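What follows is a short report on a single structure.
On a predicted model such as this, the values are computed, not experimentally measured, just so you know. Letters go in sequence order (proteins before strands), and every chain restarts at 1.
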Number of protein chains: 2
Amino acid sequence: MATIRDIAKKAGVSVATVSYVINGGPRPVASATRERVLQAMEELNYHPNTSARQLARQRTEAIGVAIAGLGEDNFSSAYFLEYIRGISYAAEMNGYNVLLLTNQRKTDGLVFYRAIARSRLVDGLLFLGSSIPDPAVIALAREGFPVVMLARHIPGHVVYSVEQDYYQGAYTATRHLLERGYRRIGFLGQALCFNYGIERLQAYRQALSEAQVPYEPRWVSIPETPRDNPTPEEVASLLAAGVEALLTDREAVVLAHLRALGRRVPEDVALVGLDESELGAVLEVPLTTVRPPKFEVGKQAVEMLLRLIAGDPPATQQVRLPMELIVRQSSPPRQRLGREEPV
Amino acid sequence: MATIRDIAKKAGVSVATVSYVINGGPRPVASATRERVLQAMEELNYHPNTSARQLARQRTEAIGVAIAGLGEDNFSSAYFLEYIRGISYAAEMNGYNVLLLTNQRKTDGLVFYRAIARSRLVDGLLFLGSSIPDPAVIALAREGFPVVMLARHIPGHVVYSVEQDYYQGAYTATRHLLERGYRRIGFLGQALCFNYGIERLQAYRQALSEAQVPYEPRWVSIPETPRDNPTPEEVASLLAAGVEALLTDREAVVLAHLRALGRRVPEDVALVGLDESELGAVLEVPLTTVRPPKFEVGKQAVEMLLRLIAGDPPATQQVRLPMELIVRQSSPPRQRLGREEPV
DNA sequence: TTGTAGGCGTTATCAA
DNA sequence: TTGATAACGCCTACAA
């Protein structure tokens, strides 16, 4: 494989000059010389060796995407794809490469990610999904390694993050149901160890409270520990408690459960998603949902990370992007369903 | 950041010894010495610099996944996720890193991928999806760079590949419909510039022929040029021609079209997928489909690539993994639908 | 069993 | 405007 020295020899210049041509600086090169160099590069089909360049420059121009959950064999991993697309897009536009880090061997998170950081495999790390342990993220950030979290943040810690606005999303969704006349609104939540679990619940309660609708614990189901999908029993118990509408971040699964329980959407119960899955649009009953700007979250997270890498940290440490309410057919005005007046 | 020299000094040994400890060879190290070295590494929180190691070893222990289509803003990109999971799994199990290469800027494929190959950014390349231009793949393979194609091959060229058996899959699907009593079987195909477009069509015809069912061109729709999804018009024209069952690699989309046209599945028309989408299982009418072993394809492609990298090429250049027929509810026995006897 | 030193291919700092 | 050369951090052949 041709090296910079081969090019220098062939073009009759020094390696330094070749380097300046390759990198467009830091010193100018006479255009006649440049031409000779470029031609030599062309003829030898020369491309600078990445490893050597990384070593000399002391940076890799690569970022890692840690997405431990990708190892799990569950359907929800498709959820992450849009983030990855945004990440990949922004990285490439900025001349950075993207490494996929999944910790399949399930070694201790701190050990795994610290090794990556200290070995300078990448210049910075993006953390995606809740399977990444908080202590690992916090430790790396504290050690000064460029780190950005996506789609969540760690309450009480200053770690840079970009996420959808879960509060605003859940608030909007709840308001939507209220405005359409529903009062008995069920809520299938996530464990409260995640910021989004907390935020969604608070938003739900706030929206109810503003509408003077009393909060009814029997209409709310929050798991003790993180879980991916609501169980049929969870859904059944809310139905038994008399809900006429449901809020959930797993709309497709809940829809399947409802079907299995013999309940129609929206005739028997309205359904609104808190975190759009790609499924919503293609189902027979297109689902009303709140859509997170995943691509944009990924994109902005990269841009934030690159600023951290460049030593030019952005002023805002936690960026929150608004969710968008997509009204489809699973949440028609309550009256149209011909129900009795709200209680 | 601590270097190997710092460790050597602290442990009172030479850098060579430290290196042998790190790499477990090629020379043995006395266990007392090893302990001192390991402790020094621990205390200084030392991790070998990846770039330096790559430069010295002349390999990166990373593979690239080229998936140009990821840049497109279409839903079908979720299709690739299972391959990526298999790739990521196998790579990590073998100590390799995975780089995501998407060519977002849409530079010429050959230029783009050759630069990656010659700059030794990765040790080998996996090509996923039909958006990668054939000439680029062929050229790299010819230049001796380790390359494996996933989910397709290039007819008439010796490029290593791992793919689902499209022929067997389509044959199985067609047979399934025939065995269930259908005779007027429509076929929505892909352009014939891809091996899977050809194979599926051939398999369909072969299965019909074996069952003594004449081939009817009006029941077949093949686009001139590659397209992602069948149009509603395509579907409508097959229906107008009187088909009572449909084969398609875009089952979810076709189902939506059918719904829009007011046709029920399976009452009005049976539907069988040729390339399972994740959607099939969650729809109200769970779809019969042929499932490609995507995870396994990804995994085996990595293993094949690693053998190429190791200079130990496998004997079989084109691996084909069987698809699995998943019988669900969109293709019940024809008689049960209460139709007249087959023509 | 361990130490020394040259090489991997760039970048960047000196001089000229 | 250009050339020579010392890093960058690790690996490994050669010596000891």
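Nucleotide dC8(D) holds its P atom 19 Å from the CD atom of Gln54(B), rounded to whole Å. When the P atom of dT2(D) is taken as reference, atom CZ of Arg34(A) falls 9 Å away, rounded to whole Å. Look at CG on Asn23(B): it is 7 Å from P on dT12(D), rounded to the nearest Å. As rounded to whole Å, 11 Å separates atom C1' of dT12(D) from atom CD1 of Ile4(B).
Asn195(A) and Glu163(A) form a side-chain donor-acceptor contact under 3.5 Å, judged by distance and modelled atom types alone. Side chains of Gln104(A) and Ser88(B): a donor on one and an acceptor on the other come within 3.5 Å. For Glu43(A) and Gln39(A), the side-chain atoms include at least one donor-acceptor pair closer than 3.5 Å.
Nearest-nucleotide assignment on DNA chain C puts the 5′-proximal partner with Ser51(A), out of Arg59(A) and Ser51(A). Nearer to the 5' terminus of DNA chain C, by closest-nucleotide assignment, is the contact made by Arg36(B) (compared with the other of Met1(A) and Arg36(B)).
Counting only heavy atoms from C-beta on, Arg53(A) has its side chain closest to dT10(C) among dT2(C), dT13(C), dT10(C). Closest to the side chain of Val15(B), out of dT2(C), dC11(D), dG3(D), is dC11(D).
Using bins of under 30°, 30° to 60° and over 60° for the plane-to-plane angle, the ring pair Phe127(A)/Tyr113(A) lands in the perpendicular bin.
Contact annotation: side chain of Tyr20(A) to base of dT13(C), donor-acceptor pair present below 3.5 Å.
Among the heavy atoms of the strands lying under 4.0 Å from Val13(B) are primed sugar atoms or P, OP1, OP2 only; no base atom is included.
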Nucleotide N/O to protein N/O under 3.5 Å, stretch nucleotides 6-8 of chain C:
{"residue": "dC8(C)", "atom": "O3'", "partner": "Gln58(B)", "partner atom": "NE2", "Å": "3.4"}

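Going from atom CG of Leu305(A) over to atom CG of Leu150(A) covers 9.5 Å, rounded to the nearest 0.5 Å. Here the straight-line distance linking atom OH of Tyr96(A) with atom CD1 of Ile87(A) works out to 15.5 Å at 0.5 Å rounding.
Contacts of residues 112-123 of chain A with DNA chain D (heavy atom under 4.0 Å): none.
Note on residues 109-137 of chain B: pairs passing salt bridge (charged side-chain N to carboxylate O under 4.0 Å, His left out), not counting sequence neighbours, are Arg114(B)-Glu143(B), Asp134(B)-Arg152(B).
Classification of Lys299(B) and Glu303(B) as a salt-bridged pair holds, one side-chain N sitting under 4.0 Å from a carboxylate O. A salt bridge links Arg59(B) with Glu61(B): at least one charged nitrogen is closer than 4.0 Å to a carboxylate oxygen.
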